[in-house]
Amino acid sequence: MPSPASNTWINTTLPSSCSSPFKDLASTSSSPTTLLPFKKRSSSNTNTITCSLQTLHYPKQYQPTSTSTTTTPTPIKPTTTTTTTTPHRETKPLSDTKQPFPQKWNFLQKAAATALDMVETALVSHESKHPLPKTADPRVQIAGNFAPVPEHAADQALPVVGKIPKCIDGVYVRNGANPLYEPVAGHHFFDGDGMVHAVKFTNGAASYACRFTETQRLAQEKSLGRPVFPKAIGELHGHSGIARLLLFYARSLFQLVDGSHGMGVANAGLVYFNNHLLAMSEDDLPYHVRITSNGDLTTVGRYDFNGQLNSTMIAHPKLDPVNGDLHALSYDVVQKPYLKYFRFSADGVKSPDVEIPLKEPTMMHDFAITENFVVVPDQQVVFKLTEMITGGSPVVYDKNKTSRFGILDKNAKDANAMRWIDAPECFCFHLWNAWEEPETDEIVVIGSCMTPADSIFNECDESLKSVLSEIRLNLRTGKSTRRPIISDAEQVNLEAGMVNRNKLGRKTQFAYLALAEPWPKVSGFAKVDLFSGEVQKYMYGEEKFGGEPLFLPNGEEEGDGYILAFVHDEKEWKSELQIVNAQNLKLEASIKLPSRVPYGFHGTFIHSKDLRKQA
């Protein structure tokens with residue numbers, strides 16, 4: 001069996017021709033940089049790919065060096081000969097060196113492992129001869145500050161510029177994709193292992209930590225010292241995707257890997273419910289993560305709500321702010337029922353599943369709730385596994401399908417009374433809120449309508465556009481209308497954000513959304529008046545980019561609160577947490593972080609009084 005793949009692949013120094021995503025690790029190597037054997041789809045003869053995620057050269061496997069002085073290729077910072085240093089004293093190594101074979105394997109398993117590794121080597125060699133689309137090319141998907149970082153144990157008393165508001169007392173946590181091992185083939189940003197970043201606030205001071213969520217998938221790959229589970233988006237396309245599935249099933253047959261206890265990465269959403277912090281991705285059950293007294297993080301394990309949940313759960317469950325119920329969906333891409341709805345009472349008791357009939361499996365990343373209803377989007381991005389047979393992606397845009405929204409009573413025991421209302425050419429990856437307007441018998445849905453609908457998953461020449469929209473579903477007529485909330489003159493891409501979560505499912509005036517420009521980076525956030533269309537922008541600063549703005553309420557007034565956002569300075573290669581007054585959009589405080597924070601996904605805030613009741 002080949003020696004385990006190195007997972008110190010991010011400890012590198014890059015040449016001066018690119019902006020290094022690895023400066024914070026400060027390690028050096030005498031090995032010259034090389035490229036993965038993947039080509040850009042165009043006919044250009046350059047050996048790099050340039051895109052809005054920056055240009056990235058992939059280094060050779062990192063070889064640890066001694067503490068003697070080493071001359072390196074000219075990096076951006078520093079620009080002179082440097083001395084190799086060890087990581088920050090509180091930075092945990094990504095993993096230890098593993099044995100070539102797990103000791104529990106018998107002779108037959110070792111022989112099978114060797115043979116299947118040879119098959120994989122041949123498969124990778126074959127794949128390297130063909131160009132990867134940008135949506136599956138790791139040189140694009142995890143370039144710049146999308147690149148992974150090591151774990152970082154809790155660092156206390158961080159430098160603060162300004163003053164942290166007294167009402168901010170608890171922990172801000174944000175999830176993200178952070179691949180432990182260097183991709184050997186296709187990789188989409190969504191494929192990375194889940195890592196939670198946490199900033200804990202206590203009496204005006206702040207600490208920072210980041211840890212991998214120890215999923216079953218990650219634990220097995222760490223024991224083998226290499227990636228073995230198929231990547232749902234980056235690898236499972238075309239004939240090579242079928243080959244990778246067969247390879248995984250063969251390894252499972254010989255009990256070299258075990259996918260029966262979940263294959264998810266838990267990298268997308270976070271929710272604090274019934275005294276449990278749950279890390280989620282829609283391909284698995286949630287994982288219970290615990291926050292320690294000093295602000296560090298530890299994974300408790302895969303969480304099935306005390307044996308009540310036996311299916312996947314999407315990463316955007318909705319917490320009703322009035323009664324504390326948690327509403328969720330589960331979708332299946334292989335067998336019926338393709339979609340199920342269920343809820344948990346505030347004390348964690350699950351309702352029976354409501355099977356929602358769909359003709360085909362559909363991408364169901366998000367949904368919405370109102371005071372009385374669940375609003376389910378059935379849109380044009382669908383799963384067609386047969387497309388892999390003809391060499392395509394299983395995630396496709398179905399132009400012959402009409403998008404629609406389903407309206408279901410929150411307490412429904414079946415889907416017999418579910419109302420479906422068509423909303424043509426509407427694809428919302430995220431829905432920010434929904435509410436009922438009884439005077440017109442309408443449900444109002446607020447979402448960002450994205451075109452091309454499948455551009456996140458499939459390469460296309462058309463520029464992505466995300467339009468904040470008001471969609472009205474008339475329960476009396478069965479018709480829908482849709483209008484952009486922002487005028488054409490002020491139109492910007494708005495993706496990732498929220499309304500005041502204390503008002504979720506009820507009529508809200510404001511939404512706080514990421515300014516996703518230049519796509520896919522986030523240069524600031526917008527406070528949007530959903531009634532008037534007025535847009536107020538807050539920019540993170542020159543060459544500074546961030547992610548989802550988290551609105552932290554402070555009082556009964558809807559707009560009273562603070563915006564928290566991780567921000568990265570691509571010029572200085574340093575990260576911070578900015579705290580902005582949501583009323584006047586003035587910066588209140590900036591917390592300087594000891595480690596780079598990659599661009600990521602969704603987060604939440606847990607107040608200290610709730611932390612004390614953690615399970």
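Quick caveat, the model's predicted, so the values are computed rather than measured.
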Side chains of Trp432 and Ser448 only: does a donor on one sit below 3.5 Å from an acceptor on the other? yes
Could you grab the distance from atom CG of Leu513 to atom CD1 of Ile485, nearest 0.5 Å is fine? 9.0 Å
If we ignore angles and hydrogens, is there a donor and acceptor under 3.5 Å between the side chains of Asn433 and Thr508? yes
Pair Glu588-Asn581, side-chain donor/acceptor within less than 3.5 Å: yes
Flag the pair Leu218 / Thr213 as yes when at least one side-chain heavy-atom distance between them is below 4.5 Å, and no otherwise. no
Would you say that Val499 contacts Glu558 through its side chain, given a criterion of any heavy-atom pair below 4.5 Å between the two side chains? no
Measure up the His316 and His430 rings against each other and bin them: parallel (under 30°), tilted (30 to 60°), perpendicular (over 60°). perpendicular
Can you tell if the side chain of Val160 reaches within under 4.5 Å of the side chain of Ser590, non-hydrogen atoms only? no
Stepwise salt bridge (charged side-chain N to carboxylate O under 4.0 Å, His left out) check, Lys200 with Asp296: CA-CA 9 Å; Lys200 189 171 187 288; Asp296 214 329; over 6 Å; no
If you count the non-hydrogen atoms of other residues, nucleotides and ligands that lie under 6.0 Å from CG in Asn203, is the total more than 12? no
Can you tell me if Thr370 and Asn372 form a side-chain donor-acceptor pair at under 3.5 Å? no
Under a 4.5 Å cut-off applied to non-hydrogen side-chain atoms, are Phe273 and Pro286 in contact? no
For the side chain of Ser575 and the backbone of Val597, is there at least one donor-acceptor N/O pair under 3.5 Å apart? yes
As a quick check of understanding, evaluate side-chain hydrogen bond (donor to acceptor under 3.5 Å, both in side chains) for Asp529 and Gln509, giving each step before the final call. CA-CA 6 Å; Asp529 188 318; Gln509 182 176 359; 2.9 Å; yes
Side-chain (Ser523) to main-chain (Glu517) donor-acceptor, under 3.5 angstrom: yes
Let me confirm one number: the CG-CG distance from Leu504 to Leu319, rounded to the nearest 0.5 Å. 8.0 Å
Does the side chain of Ile563 reach to within under 4.5 Å of the side chain of Leu552, using non-hydrogen atoms? no
Taken to the nearest 0.5 Å, the spacing of Phe344 CZ from Met313 CE works out to 6.0 Å
So do Leu494 and Ile486 actually touch side chain to side chain, heavy atoms under 4.5 Å? yes
Any donor and acceptor pair, going by atom type alone, linking the side chain of Tyr272 with main-chain N or O of Asp610 inside 3.5 Å? yes
Check the side chains of Tyr208 and His197 for a donor-acceptor pair under 3.5 angstrom, ignoring hydrogens and angles. yes
So does Glu371 get a backbone contact from the side chain of Glu436, meaning a donor-acceptor N/O pair under 3.5 Å? yes
Verify whether one side chain among His602 and Glu548 offers a donor that lies under 3.5 Å from an acceptor in the other. yes
Quick one: does any side-chain atom of Gln614 pair with a main-chain N or O of His276 as donor and acceptor, under 3.5 Å? no
Taking the six-membered ring where the residue is Trp, are the ring centres of Tyr538 and Phe525 under 6.0 Å apart? yes
Closest non-hydrogen contact found for Asn323 with Ala346 is O-CB, 3.6 Å
Do side-chain atoms of Ser595 reach the backbone of His152 as a donor and acceptor pair under 3.5 angstrom? no
Parallel, tilted or perpendicular for His568 and Trp573, by the 30°/60° rule? perpendicular
Please test Glu576 against Lys592 for salt bridge (charged side-chain N to carboxylate O under 4.0 Å, His left out), starting from the C-alpha separation and ending with a verdict. CA-CA 5 Å; Glu576 62 185 333; Lys592 306 304 178 182; 2.9 Å; yes
Is Asp320 salt-bridged to Lys410, cutoff N-O under 4.0 Å? yes
Tell me whether the centres of the aromatic rings in Phe190 and Phe601 are closer together than 6.0 Å. yes
Distance-only, no hydrogens or angles: does the Gln220 side chain make a donor-acceptor pair with backbone N or O of Thr215 under 3.5 Å? no
Between the main-chain N or O of Ala266 and the side-chain N or O of Ser281, is there a donor-acceptor pair closer than 3.5 Å? yes
With a 4.5 Å heavy-atom cut-off, do Leu270 and Leu278 have their side chains touching? no
Do any N or O atoms from the side chain of Thr312 and from the backbone of Ser330 form a donor-acceptor pair under 3.5 angstrom? no
Atom pair CZ/NZ of Arg217 and Lys222 - distance to nearest 0.5 Å: 14.5 Å
Working to the nearest 0.5 angstrom, can you tell me the gap between Lys503 NZ and Phe510 CZ? 12.0 Å
Check: Tyr599 ring centre within less than 6.0 Å of Phe146 ring centre: yes
Please confirm whether the backbone N or O of Leu180 pairs with a side-chain atom of Asp193, one donor and one acceptor, at under 3.5 Å? yes
In terms of relative ring orientation, are Phe305 and Tyr303 parallel, tilted or perpendicular, with 30° and 60° separating the classes? tilted
May I ask you to check whether Phe201 and Tyr172 place their ring centres under 6.0 Å from each other? no
Salt-bridge present (Asp169, Lys609; N to O < 4.0 Å): no
Indicate yes or no: does Glu534 engage Lys527 in a salt bridge with an N to O separation below 4.0 Å. no
So with a 6.0 Å cut-off around NZ of Lys350, is the heavy-atom count from everything else above 12? yes
Inter-residue atom distance Leu285.CG - Asp304.CG, 0.5 Å rounding: 6.0 Å
